[in-house]
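Computed from heavy atoms alone, side chains included, the values below leave out hydrogens, waters and symmetry copies. Residue indices begin at 1 and follow the sequence shown.
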Amino acid sequence: MHLVALNIPDLLLGLWRGTLDCDSTDHKDSWDWAILRNQGLWKAHGKQLVWGFQIMMQEEIMPSDLIDGYWLLIEWSTEFEMLYCQRREDRIHMAHPSLHTSCHVTPEALRHSTPFANLAQRGVQQCQVNALLAMMPDLHPQSEGIPQGGNDLGDGYILLPATERSPKPVKPCESTAIHAFLKEQGYPTTLEAQSEAMSVTWSAHLRLPNGQTACSLWKECTSHTVCVSQHVKFENGGQQPTRIAEVMFFFLLQVGPKRWGVALVSLFGPPSVDLLRKSNNTYYTAQHLHDTSIKVIDAKCYARALSVSVEVRQVT
């Protein structure tokens, strides 16, 4: 998307680096924002743009998210003019067309003005596609299906390789979490069973119904990537219904005829409400609880997979 990847970055970088044209009645020494000398301005101002476009570039957008995205981009555009242009005639050239184009992204997505014309056109296009596929079936894309070694959990969830060839023993805290999960599902275990050593067969990945692939620490820890993808957002219920967790591994859990595809996760604590509010829900910071908060969750309660840039800070 040229607006997000080229036009707006070109405008902002020119302002921050002080390379944008300067009128004779203006002076770059008065540009407080130039050369990134004031990072607080960007942190307070730029996250509206980031969060707004994160919303608008999703493949599926909830109506409430559309409204949030619309107002975030409107606020960003307005604050841009107040911060940089400052109602000065000699700074009109700073108001690039891409600045106001961002405000029209949401209305274009909604298309309230001609909803039925839009639907009619989409119907015509679908009929054309159907006709082509009837005449040339080879054009139809083949579904990915279930790869070799995968396990279909139903409802669009599939456990994917790599998979351990034999069961591996789990740590005591992990065994406790497994027994707690079975109790939640109505299959409580005896004290004798809880004291016995437990082994499970690890799987590395889970395909979600939206096409995303959730990964696990078991395989991601060997990838040496800056952005790690073994983190998930899932529906937890209770006082904190949505939680963030790091997936250690996936596995199948079976009691008699009942079978679950589950993930053993290490939870993060609640986010900093103040930072989340100030960053327009863009900056999520929370403490990783590691082995002190291990939980087994049903794979089907996943909301989405996350790619997280981890910033490690020592707590003193």
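Checked against the 6.0 Å centroid threshold, W260 and F181 count as a close aromatic pair.
L206 has its side chain within reach of L153: a pair of non-hydrogen atoms, C-beta onward, lies under 4.5 Å apart. N151 is not listed as a side-chain neighbour of I158, based on a closest heavy-atom distance of 4.5 Å or more. Two residues are said to be in side-chain contact when any heavy atoms from C-beta on lie closer than 4.5 Å; R259 and L253 fail this criterion. For the pair L160 and P147, the minimum side-chain heavy-atom distance is below 4.5 Å. R277 places a side-chain heavy atom less than 4.5 Å from the side chain of D274. Between W218 and E164, some side-chain heavy-atom pair lies under the 4.5 Å cut-off. Residues V200 and F249 are in side-chain contact: their nearest non-hydrogen atoms beyond the backbone lie under 4.5 Å apart. Inter-residue side-chain proximity for I294 and L264 is flagged as met; some heavy-atom pair is nearer than 4.5 Å.
Rounding to the nearest 0.5 Å places NZ of K171 at 11.5 Å from OG1 of T176. The distance from atom CD of E174 to atom CZ of F251, rounded to the nearest 0.5 Å, is 8.5 Å. We find the NE2-CE distance between H290 and M248 to be 9.0 Å, quoted to the nearest 0.5 Å. Residue E246 holds its CD atom at 12.0 Å from SG of C215, rounded to the nearest 0.5 Å. One distance of note links NZ of K183 with CD of Q185; it measures 13.0 Å at 0.5 Å rounding.
Atom CD of E89 has 12 or fewer neighbouring heavy atoms from other residues, nucleotides or ligands inside a 6.0 Å radius. Atom NZ of K168 is surrounded by more than 12 heavy atoms from other residues, nucleotides or ligands within 6.0 Å.
Scanning all heavy atoms of the two residues, the minimum distance from P161 to Q148 falls at CG-O, 3.4 Å. For H288 against L267, the heavy-atom pair with the smallest separation is CD2-O, 3.7 Å.
At a cut-off of 3.5 Å, with distance as the only test, a side-chain donor of T25 or D23 sits close to an acceptor on the other residue. For the residue pair T189 and H179, a side-chain donor N or O sits within less than 3.5 Å of a side-chain acceptor on the partner. Side chains of H205 and S216: no donor on one and acceptor on the other come within 3.5 Å.
In this structure a side-chain-to-backbone donor-acceptor pair under 3.5 Å is present from R243 to F268.
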What do the steps show when you test E184 against K295 for salt bridge (charged side-chain N to carboxylate O under 4.0 Å, His left out), and what is the final call? CA-CA 12 Å; E184 291 173 0; K295 185 178 180 66; 3.7 Å; yes
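L217 is not connected to L289 by any chain of hydrophobic side-chain contacts under 4.5 Å among Ile, Leu, Val, Met, Phe, Trp and Tyr, and they are in different clusters. In the hydrophobic clustering of ILVMFWY residues, with side-chain heavy atoms under 4.5 Å counting as a link, L159 and Y157 come out together. Under the 4.5 Å side-chain heavy-atom criterion for grouping Ile, Leu, Val, Met, Phe, Trp and Tyr, V247 is connected to L252 within one hydrophobic cluster.
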